Structures are given as C-alpha cells and as structure tokens.
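Below is one structure, written out as structure tokens; the observations come after it.
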Protein chains: 2
Amino acid sequence: MNKINSACALCENKNCFIQKLPSQRLSWVDAKKYTVCFPKDQNIFWENAEVNGIHFIKNGKVKVFSSGLNKKDKVVRLAGDGHIIGHRGYGAEQYPVSAATLSESTICFIDNGSLYELFMTNPVFTYTMMMFYSQELRKSEQRAKYNSQMSSKERIIAALLYAKETFGYSQTDLNAQILNVYLTRSEIASIADTTAEEVSRTLTILESEKHILKKGRNIQLLNEKKLLDLIRDYGIYDNADS
Amino acid sequence: MNKINSACALCENKNCFIQKLPSQRLSWVDAKKYTVCFPKDQNIFWENAEVNGIHFIKNGKVKVFSSGLNKKDKVVRLAGDGHIIGHRGYGAEQYPVSAATLSESTICFIDNGSLYELFMTNPVFTYTMMMFYSQELRKSEQRAKYNSQMSSKERIIAALLYAKETFGYSQTDLNAQILNVYLTRSEIASIADTTAEEVSRTLTILESEKHILKKGRNIQLLNEKKLLDLIRDYGIYDNADS
DNA sequence: AAAAAGTGATGACTAATGTCATATATTAAA
DNA sequence: TTTAATATATGACATTAGTCATCACTTTTT
C-alpha cells in the first residue's frame, strides 16, 4: 500500500475517466490524486464507511459487493482497468457497498472536494460523468430484468460472460479462451443470484455440454458465441459497452 | 394531448427538477419546453424509440416498464408529481423502457439540445442531476439486492410500500390509508418480481393477518409501520428519499 | 509430510413458488 | 339488462432451486 503517484498525462491507461479532462487540467489532478497499490484480496473501502471521494482503477481487478444480513455477500459489479469504483456512494453519506481487489491493483483516489471543483469548472467532464451514471443505471436495470426472467443456468452463463466482458481472457495462453480471473463458486453464485452448489452443478452440466472446460481453478469458454446464443433472447448485451 | 404550456416560475410543483435552475433561467426554459396533458393509460414513450429528451411530471401517475420476450412486462419504476422520466434513455440511442400513465397526467418535455445547453451553462444544475442519477443507481441496486434475498411475500409488501411512497394515500378519505393508485395484480406482481397468482394469494393472507384491507379495487394499509417492520431487516428505506 | 482450512462436487431431501385449470367477481360493452 | 371481456381468487400440481450432509480435492500452514 505504498503511495506511487505518477503523472496522469503519462499514464498508460487511456480509458481512465480522468483522461476526459482537458489536458492542461491533468497536472492539477496530479497534485490532488493519491495512487496506491493494493495487494490481492484487500478491501479498498467498506460498506457504511464515510464516502470521501471516488476511486479510479489504473490497473487490476476489483469486485464491488454488499452484505446481506443473514445471507451471504452479493457481488454487485466487477471492475477492471480504467473503471471507476465508489461512484455509487458519491453524493451519499456512506458507501452502500464494499470493494475488494481480486488481484493486485493500482488505484487512484480523488477526494470529494477536488472532484467538486472539477465538476464545477469542466462542464463537459461533468456531463460525461453524468452519462456514465445514466449508462450504469441502464445496466443495473437491465440486469434486474434478466435476473427476474432467466433460469439459474442462464444467469450463471451470463455471469461467466460478464466476467469475460470485464476482465477478458488470460494473456498467457492466448488461444485458449481462459477467463482472466479466478472467482470462487460462491462469488459466481453471488453474481448470478444463486447458490454455490447450483453453480457447481451447472458448471458440470455446461462442461458435459462442451460449452466450457474446467481447468484447475480456471474456466475456459469453449464457444463464447454459443453461450451468448443461450441467453441472447434477453437482449443483455444489446447496449453493452464497458 | 393539448399543448398547455405555462410559466415554470408560476408552476405549483416546486419539487420539479427545473426549479433547481437559477430563477432567471426559467423563462428560457418556458420557451423550450413542451407541456402536454395525457389521459389515463396512454404511452408517453416507447421502448426502443429514439430518445429526444427528458420528461418532467408536472402532476400525475406514471409507470415505467420494459417488455420481456416471452414473459410479461416488467415494471421498473413508478413516478409521480415532480419526478423525471426518460432519463434512463438520456445518453443512449433508444429508450430501454416504455412509460405509460396510470392516471391523467400533465407532463413537460425538454429536448436533448436544450438540455445540453442547460448542462453546459449551469454546473450546479448538472451536478444536481448527476447526483440524482447516482441516487437512482443506488436505489436500483438496493432493489436488486433485496429482490434476491426477500421472499415473495416480503417483495409484495415492499411493492405496496413503494406505491405508497410514490403516490401517497388517497386524498378523498384522509383517515383511511388507501393507496392513491390502482394497480392490477399483474402490475404489483411485476414490481415484486413474482406472479399475479402469488400476489392474489399473498394479499388474501395479508388481509387475514390484518395488515391490509382490500377495498374494491383499492388497497388500504392498516398498519404501515408493521408492514415496514416485516421487511426492515433489508434496510430498504434507509436511503429512501423520493 | 501431516494437519488444517478452504473449496468444490454431488446426492437426497425440502420448500418455495411458478403453472395450469377453474370458478367467481367486477367492469365495460352491446 | 344481458353479454362479453377482464380481473381476481383459489385449489391442485409440477418444477425449480435452495438446504443439508458427505466426500473428495487443493492449497496453505505448521
């Protein structure tokens, strides 16, 4: 967790939201931001903690989740390079969710005050940010819709494709389409709104149907298009863009 | 559907978002907006139609819904006086949802171009709007969370309380807490992510438990607090504000 | 290497809730 | 008013998916 600030202008991550600011503004951000490298499986912020700003993922893998009372945690979102986290809390007193790293991750933080200054002086930036929220809202409700209409099997497939969408395939073995993230059965279950047992069973079925291959802790998607076809009726990826 | 424009400055609805603009800006809006009175059960906009702007409910009752393929429509949101509709679509090509009136409603419309001008020249307005989106996102995910953790009975109670939250009680009989909106069993089911039959059954049970009273087409909440207690564990109304 | 902790797979069982069928109200239309 | 159309209530049944229990397999710790 060392502070490792560097100049936004030189940042290799051009998907970052901050890059949408006028370039002369970037050095101002450099002075305000706070960049930290988190090891794997570390909380970035906690549900119900005070909201102090927004986090920008320079690189890494993050899950955003909220805790049910009796039941297990619910993974609300996966986020990777260039994505924002903590924006759900922005404008509220406390975070409605927690965030934790799924792998070592470098994350930049900008505090509320600095953000407000940016928002007040850069209408296009603010507008872009607002459009991002609008899009997130659409996605959230899209997901709510298919959660209520899909079978557990379909939701599990959707969760696998979502993980692929967010983190892509492993770069070590480019030909094999191996998900570039390790998620426990419980975590997949949580994304897919079901139980770990159901995920185990379903993955076994999907493997027997030659849709996936379980490779140790990792999952290979043998035919992404076919998987997509199994759930396409719901129009999930119609307005996908992240 | 007559155009019935009037001055925003004189509008009795002070909850409207437009009222957050500097007062000298309101007459500018007057020239741009388009106010229409819709009869009951009329579509305001359609899913997949081109998005041309945002609608502001001056007064009335509206449901926002999206159509599943095989299954029935899903009610995404209820909206009343002062609420915005169509903001989900803003920034996208097409509306992800439809909106229809549940009662006669007067609705003001502002086109994309005018909105953009407002957003570029009124940072506080834009910021407020962004915070609204942020809040809607929190609510949407809060709802997704409890949809996945509550029983159907609890979700139906939550739907009733949501209708109360949005439209309040009937003004004709102030002492009786009669929901100020008529929703079919199917519509309630759609809000509560269940079936019309389950709603019928559950309402009968809730009546036998003296929590509600079915009065013809309307529903009376006999003890709102008790109903709230039945679902409070989920923290649904913790950050409620609409 | 052995032990312990965590994770995954799978069978048996249960409970919740969706589906279907039918009867009954209620509202709208003829 | 009669008829038709729509909405609601309720029973019987089917099915999905959750729960519990057990075993096997991995990874980490000692």
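Reminder, nothing fancy here: chain letters follow the sequence lines and each chain counts from 1. Since this is a predicted model, take the numbers as computed values, not measurements.
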Within this structure, what is the [atom1]-to-[atom2] distance between [X] and [N], rounded to whole angstrom?
X         : N       : atom1 : atom2 : value
Glu187(A) : dT7(C)  : CD    : C1'   : 11 Å
Glu207(A) : dA9(C)  : CD    : C1'   : 12 Å
Asp193(B) : dT16(D) : CG    : P     : 19 Å
Gln149(A) : dT17(C) : CD    : C1'   : 16 Å
Leu206(A) : dA9(C)  : CG    : C1'   : 15 Å
Ile219(B) : dT8(D)  : CD1   : C1'   : 12 Å
Glu154(B) : dA15(C) : CD    : C1'   : 15 Å
Met150(B) : dG18(D) : CE    : C1'   : 19 Å

Which donor-acceptor pairs under 3.5 Å do side chains of residues 50-59 of chain A form with protein atoms, sequence neighbours excluded?
residue: Lys58(A); atom: NZ; partner: Ser6(A); partner atom: OG; Å: 3.3

**Report entry** Side-chain heavy-atom pair Leu137(B), His87(A) within 4.5 angstrom cut-off
**Finding:** yes
Query - Side-chain heavy-atom pair Ile178(B), Lys215(B) within 4.5 angstrom cut-off - result: yes
Just by modelled atom types, is the [Y] backbone N or O under 3.5 Å from a matching donor or acceptor in the [X] side chain?
X         : Y         : result
Glu141(B) : Arg138(B) : no
Asn5(B)   : Lys33(B)  : yes
Gln149(B) : Tyr146(B) : no
Ser140(A) : Glu136(A) : no

Requested in this report: Heavy atoms only: give me the nearest Glu198(A)-Ser152(A) pair and the separation to one decimal.
Outcome: OE2-OG, 2.9 Å
Query raised in the report: Looking at Phe45(B) and Asn43(B), what are the two nearest heavy atoms and their distance?
Result: O-ND2, 3.4 Å
**Report entry** Estimated bend of the helix from dA1(C)-dT30(D) to dA30(C)-dT1(D) (axis per five terminal pairs, rounded to 10 degrees)
**Finding:** 40°
Report summary line: 5' to 3', nucleotides 22-30 of chain C under a 4.0 Å protein heavy-atom cut-off (B base, S sugar-phosphate only, - none) gives -----S---
Report task. For each nucleotide in nucleotides 9-15 of chain D, reading 5' to 3', give B when a protein heavy atom comes within less than 4.0 Å of its base, S when such contact involves only the sugar-phosphate, and - otherwise. Result -> BBBB---
Report summary line: For Ser186(B), the side chain to side chain donor-acceptor pair (under 3.5 Å) test, sequence neighbours excluded, returns none
Report summary line: Contacts of Tyr90(A) meeting ring-ring contact (aromatic ring centres under 6.0 Å, His included) (sequence neighbours excluded), chain-then-number -> Phe119(A)
Query raised in the report: Counting side-chain heavy atoms from C-beta on, which of dA7(D), dT7(C), dA17(D) comes nearest to Ser151(A)?
Result: dA17(D)
